[in-house]
Protein chains: 2
Amino acid sequence: MAHVTDFGWELSTAIVLFHEAIARKLGLNAAEHKALGLIIRNGPMPAGALAPLLGVGASAVTGIVDRLERAGYVTRDVDPADRRRVLVSAAPEKAPDLTGIFERLGHDMWAFMAKYGEQERAVIQDYVTNTIRVVNDQIALLVAEEAKRGAP
Amino acid sequence: MAHVTDFGWELSTAIVLFHEAIARKLGLNAAEHKALGLIIRNGPMPAGALAPLLGVGASAVTGIVDRLERAGYVTRDVDPADRRRVLVSAAPEKAPDLTGIFERLGHDMWAFMAKYGEQERAVIQDYVTNTIRVVNDQIALLVAEEAKRGAP
DNA sequence: GTGAATAGTTTAGCTTGGTGAAATGATTTC
DNA sequence: GAAATCATTTCACCAAGCTAAACTATTCAC
């Protein structure tokens, strides 16, 4: 098992460093990067919804979205359904040479994935899926602990 | 391939969130968490060696190590070989209930790893190793770009 | 042994990015 | 249609954490 955890540790470190490098490349701090990730993943969201997800107050979201908008990564649009709300959407065309990076990443991943047979891919998929589940479980436990300490 | 990248994306997000949750649990900010990780991984290191790895100036390291030391996660010791130098070592016994978290994580990983046969584990190992390599390559490219922009 | 170089810390000043209360504009309720 | 509510922004202020430069202690070169 030492092998598995060691690999996991290395992979985990690499992924965190990769995220940091991407954020630097985009000129974003942690909060802005996280916000952009949430918007890309979840689609357009009202500004207020970001506050709890980022763990900051509503007024701080204005500044974060300001900077993302000024950099061209997102756009603000009034929600036609409820014109009090401001929907923040990703402006994917403005992401700089990131396409190049993800293309290279995808290409290199593809290069070694191609040699696996169908069964081997199934194993890998099972492994990754289970790892995601296990990690998410631990996150949930940690967050639950925080919540308990926060409001006991 | 859409599957693979999607899984990769999910895994990547989970890992980043896990790291953040751990840092919050320890009461550490990003720089402190990164520094502690480096010290744990590399063993005792002189304070000055941390500065370039963290991407901060030497004077900032003092504050970072101060906070880690005050929290009990590391100790400072004068290097007997060169008494100008201060070796920063991890104080593992002081890490709080983290043992519990990593025990649970290891246990849950073990639970589903146990069902794989030897060949399946070899496939997984190959996959993880290659993924680490590919991600590290992209990091190296990004860092090289930064260096070029930084000092052309 | 003296002078230059090195490791770490201290200090002062500044930037960043946050909070919380009040303001603004839009929507719902009665 | 007036009043209460809601989403977001604005404003003034505050704290964290960084840099640059001065300072102390130690080592190395000659």
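Just so you know, these numbers come straight off a predicted model, no measurement behind them. When reading the values below, keep in mind they use all heavy atoms of this one structure, side chains included, and skip hydrogens, waters and symmetry mates.
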Can you pull out the residues from residues 40-47 of chain B that lie within a 4.0 Å heavy-atom distance of DNA chain C? B:Pro46, B:Ala47
Are there over 12 heavy-atom neighbours, none belonging to A:Glu69, within less than 6.0 Å of that residue's CD? yes
Heavy atoms under 4.0 Å is the rule here; annotate nucleotides 23-30 of chain C 5' to 3' with B where the base is hit, S where only the sugar-phosphate is, and - elsewhere. --BBS---
Whole Å only: how far is the CZ atom of A:Arg76 from the C1' atom of D:dA7? 12 Å
In this structure, how many angstroms lie between the P atom of D:dT9 and the CZ atom of A:Arg70, rounded? 12 Å
Rounded to the nearest angstrom, tell me the gap between atom CG in A:Leu28 and atom P in C:dT16. 15 Å
Is any side-chain heavy atom of B:Phe102 closer than 4.5 Å to one of A:Gln138? no
Is the shortest heavy-atom distance from the side chain of A:Val86 to the side chain of A:Val65 under 4.5 Å? no
Which residues pass the side-chain hydrogen bond (donor to acceptor under 3.5 Å, both in side chains) test with B:Thr13, not counting sequence neighbours? none
Within this structure, what is the CG-to-C1' distance between A:Leu87 and D:dC6, rounded to whole angstrom? 15 Å
Check whether any side-chain heavy atom of A:Val128 lies under 4.5 Å from a side-chain heavy atom of B:Tyr127, and answer yes or no. yes
For B:Asp79, give me all partners under side-chain hydrogen bond (donor to acceptor under 3.5 Å, both in side chains), at least two apart in sequence or on another chain. none
Mind checking what makes side-chain hydrogen bond (donor to acceptor under 3.5 Å, both in side chains) contact with A:Asn136, not counting sequence neighbours? none
Whole-Å gap separating C1' (C:dT9) and CZ (B:Arg85): 17 Å
Find the bend of the helix from C:dG1-D:dC30 to C:dC30-D:dG1 as the angle between its two terminal axes (five pairs each), to the nearest 10°. 20°
Do nucleotides 16-21 of chain D as a string where each nucleotide becomes B, S or -: B if the base has a protein heavy atom under 4.0 Å, S if just the sugar-phosphate does, - if no protein is that close. -SSBBB
A side-chain contact here means heavy atoms from C-beta on lying under 4.5 Å apart; do A:Phe112 and B:Thr131 qualify? yes
Residues in salt bridge (Lys or Arg N to Asp or Glu O under 4.0 Å) contact with B:Glu32, at least two apart in sequence or another chain: B:Arg67
Applying salt bridge (Lys or Arg N to Asp or Glu O under 4.0 Å), can you list everything that pairs with B:Asp126, at least two apart in sequence or on another chain? A:Lys115
Run the side-chain hydrogen bond (donor to acceptor under 3.5 Å, both in side chains) test against A:Arg85 and tell me which residues pass, sequence neighbours left out. none
List for me each residue that meets salt bridge (Lys or Arg N to Asp or Glu O under 4.0 Å) alongside B:Asp66, sequence neighbours excluded, and say none if there are none. B:Arg76
Atom-to-atom span, CG of A:Leu68 to C1' of C:dT16 - whole angstrom: 15 Å
Between side-chain atoms of residues 33-62 of chain A and protein atoms elsewhere (two or more places apart, or another chain), which donor-acceptor pairs fall under 3.5 Å?
from: A:Lys34; atom 1: NZ; to: B:Glu20; atom 2: OE1; distance (Å): 3.2

Atom pair distance, as rounded to whole Å: CG in B:Asp77 and P in C:dA7: 18 Å
